[in-house]
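The structure appears below as structure tokens.
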Amino acid sequence: MRLTELDEDDGEPVWDRPEGAELVAGYLAWERLGVGLRCETWLVWSTKLWYPAVLKLARPHQVTHPRAVRSLNREIAALTGNQHPCLPRLFTDGTTDPLPHIAVEYIDGPTLDEELDTNGPIGAAETASLAAQLLAGIIALHDRDLAHVDLKPENVVLRDGRPVLIDFGSVRRIGAPQPLGRPVGTAGYAAPELEACVPIAAGMDLYGLGTILFETLTGEPAFDAALPAACRPAPDVPSTIAAPMRTLVVGLLEPRPEDRPSAAETMRVLGTVASEPDARPWPDWVDDQLQDRFAARRYG
């Protein structure tokens, strides 16, 4: 039986497994979901859980490459012991196995970019409710001294309309240096300081949240991916969007991290906007806890 084939995009090998074949012990191939530089992602059936799961494993030519295991270990660091509903659960850590892999919870639903492509922009109140839940998950990472640094609509899955953040292969420890000339993140969504390869900071994720807000509200990316972050114009947020939300999006997309609103300020505005159609994700009486909850992390 042929075990590998060549990926049509980069010409490098990927695993070739028919539906129902075992990829690693206890996980049966269902469908390949994506291929990255070092790892590939499969929808699988867990015979132990008797439930679908997502399996990420090193590509055939990357099995012994330390960077493939390093990428998987970033996901382990982000998800081990996770209890936040906006982050998937980790099922298996197989990073020390002969074929390095991890298995995580399968989140059933469209990604946010798919939802926008199908149904168009989302109103301010619903966007605010979605973003408030997503920010809470992001803060759960920050509480572990980790930053996602690859926030974009395709990394948000809507499970029953509620956002779940996925793809933690780019996660970095806050304060970690970046190699010069090799920035983390995705062009058009990465903060200017992220593209400038400065040390990782939590505020980079607030900028990423701003790009998600802009695209969710308008249906279009905030910036041209081909344009370096240092050359981006100020975001053109339509005047039809409610003033508090418009001000927040512009603030989150400020080029200088010290000019962006804090997590507490961001959450407060999101709660105010979301409350308009009674879609607020938390009760009014916990508002006075916002500052205490998010004050510990500096975002400038």
**OP:** Would you mind reporting whether Leu130 and Leu158 have side-chain heavy atoms less than 4.5 Å apart?
**Re:** yes
Residues Cys39 and Ala68: closest non-hydrogen pair is SG-O, 3.9 Å
- request: Kindly determine whether Arg89 and Leu79 satisfy side-chain contact (heavy atoms from CB on, under 4.5 Å), including the steps that lead there.
  value: CA-CA 6 Å; Arg89 291 172 290 176; Leu79 300 179; over 6 Å; no
Exercise. Could you tell me whether a side-chain N or O of Thr41 sits under 3.5 Å from a main-chain N or O of Lys56, the two making a donor and an acceptor?
Key: no
- Any side-chain heavy atom of Leu90 within less than 4.5 Å of one from Asn82? no
- Task: Using atom types as modelled and distance alone, determine if a side-chain donor or acceptor of Thr218 lies under 3.5 Å from a backbone N or O of Glu220.
- Result: yes
Practice task
Please examine the side chains of Val164 and Pro88, heavy atoms only from C-beta on, and report whether any two atoms are closer than 4.5 Å.
Solution key: yes
Query raised in the report: Would you call the rings of His148 and Phe168 parallel, tilted or perpendicular if under 30° counts as parallel and over 60° as perpendicular?
Result: perpendicular
Checking side-chain contact (heavy atoms from CB on, under 4.5 Å) for the pair Leu135/Leu206: CA distance, chi angles, key distance, verdict?
CA-CA 8 Å; Leu135 179 55; Leu206 289 182; 3.9 Å; yes
- Could you tell me whether Asp16 and Arg32 have a side-chain N and a carboxylate O separated by less than 4.0 Å? no
Notebook entry, point to check: Counting N and O atoms only, with roles assigned by atom type, does the side chain of Asp160 sit under 3.5 Å from a partner on the main chain of Arg162, one being a donor and the other an acceptor?
Noted result: no
One should read off an interatomic distance between Ile166 CD1 and Glu105 CD, to the nearest 0.5 angstrom, of 11.5 Å
- Query: With side chains defined as the heavy atoms from C-beta onward, is the minimum distance between Met204 and Arg172 less than 4.5 Å?
  - Reply: no
- Passes side-chain contact (heavy atoms from CB on, under 4.5 Å), Asp205 versus Leu209? Steps please. CA-CA 6 Å; Asp205 280 346; Leu209 180 67; over 6 Å; no
Exactly one of Tyr27, Trp45, Phe91 clears side-chain contact (heavy atoms from CB on, under 4.5 Å) with Leu55, and that residue is Tyr27
>> Is there a side chain to side chain donor-acceptor pair (under 3.5 Å) between Tyr189 and Glu215? Walk through the geometry before answering.
In response: CA-CA 10 Å; Tyr189 296 92; Glu215 194 159 336; 2.8 Å; yes
Correct closest heavy-atom pair for Leu23 and Val44 would be CD1-CG1, 3.7 Å
Look only at the side chain of Arg74 and the backbone of Gly169, and say whether a donor-acceptor pair between them is shorter than 3.5 Å.
yes
query = Counting N and O atoms only, with roles assigned by atom type, does the side chain of Glu114 sit under 3.5 Å from a partner on the main chain of Thr111, one being a donor and the other an acceptor?
reply = yes
message: Within the 4.5 Å heavy-atom criterion, are Leu253 and Phe223 side-chain neighbours or not?
response: yes
Problem set entry | Residue pair Pro121 / Thr127, side-chain heavy-atom distance below 4.5 Å | no
| said: For a 4.5 angstrom cut-off between non-hydrogen side-chain atoms, does Trp15 reach Thr4? | reply: yes
* Output yes when a side-chain donor or acceptor of Arg256 lies under 3.5 Å from a complementary backbone atom of Glu254, and no otherwise. => no
Taking every heavy atom of Ala29 against every heavy atom of Pro18, the minimum-distance pair comes out as CB-O, 3.7 Å
Donor-acceptor pair, side chain of Trp30 and main chain of Val54, under 3.5 angstrom
no
Here the pair of heavy atoms bringing Gly188 nearest to Glu195 is N-OE2, 4.2 Å
Heavy-atom closest pair (Asp150 atom, Asn155 atom, distance to 0.1 Å) is O-ND2, 2.9 Å
Within the distance-only criterion (no hydrogens, no angle test), does the side chain of Arg159 pair as donor or acceptor with the backbone N or O of Gly109 below 3.5 angstrom? no
Check your understanding: Looking only at atom types and distance, does a side-chain atom of Gln133 sit under 3.5 Å from a main-chain N or O of Cys86, one as donor and one as acceptor?
Key -> no
* Keeping the roles fixed (side chain from Ser129, backbone from Glu126), state whether a donor-acceptor pair exists under 3.5 Å. => no
Problem set entry | Heavy-atom check, side chain of Arg173 versus side chain of Leu146, under 4.5 Å | yes
**Item:** Short N-O contact, Glu12 and Arg59, less than 4.0 angstrom
**Value:** no
In short, Pro163 meets Val156 closest at the heavy-atom pair CB-CG1, 3.7 Å
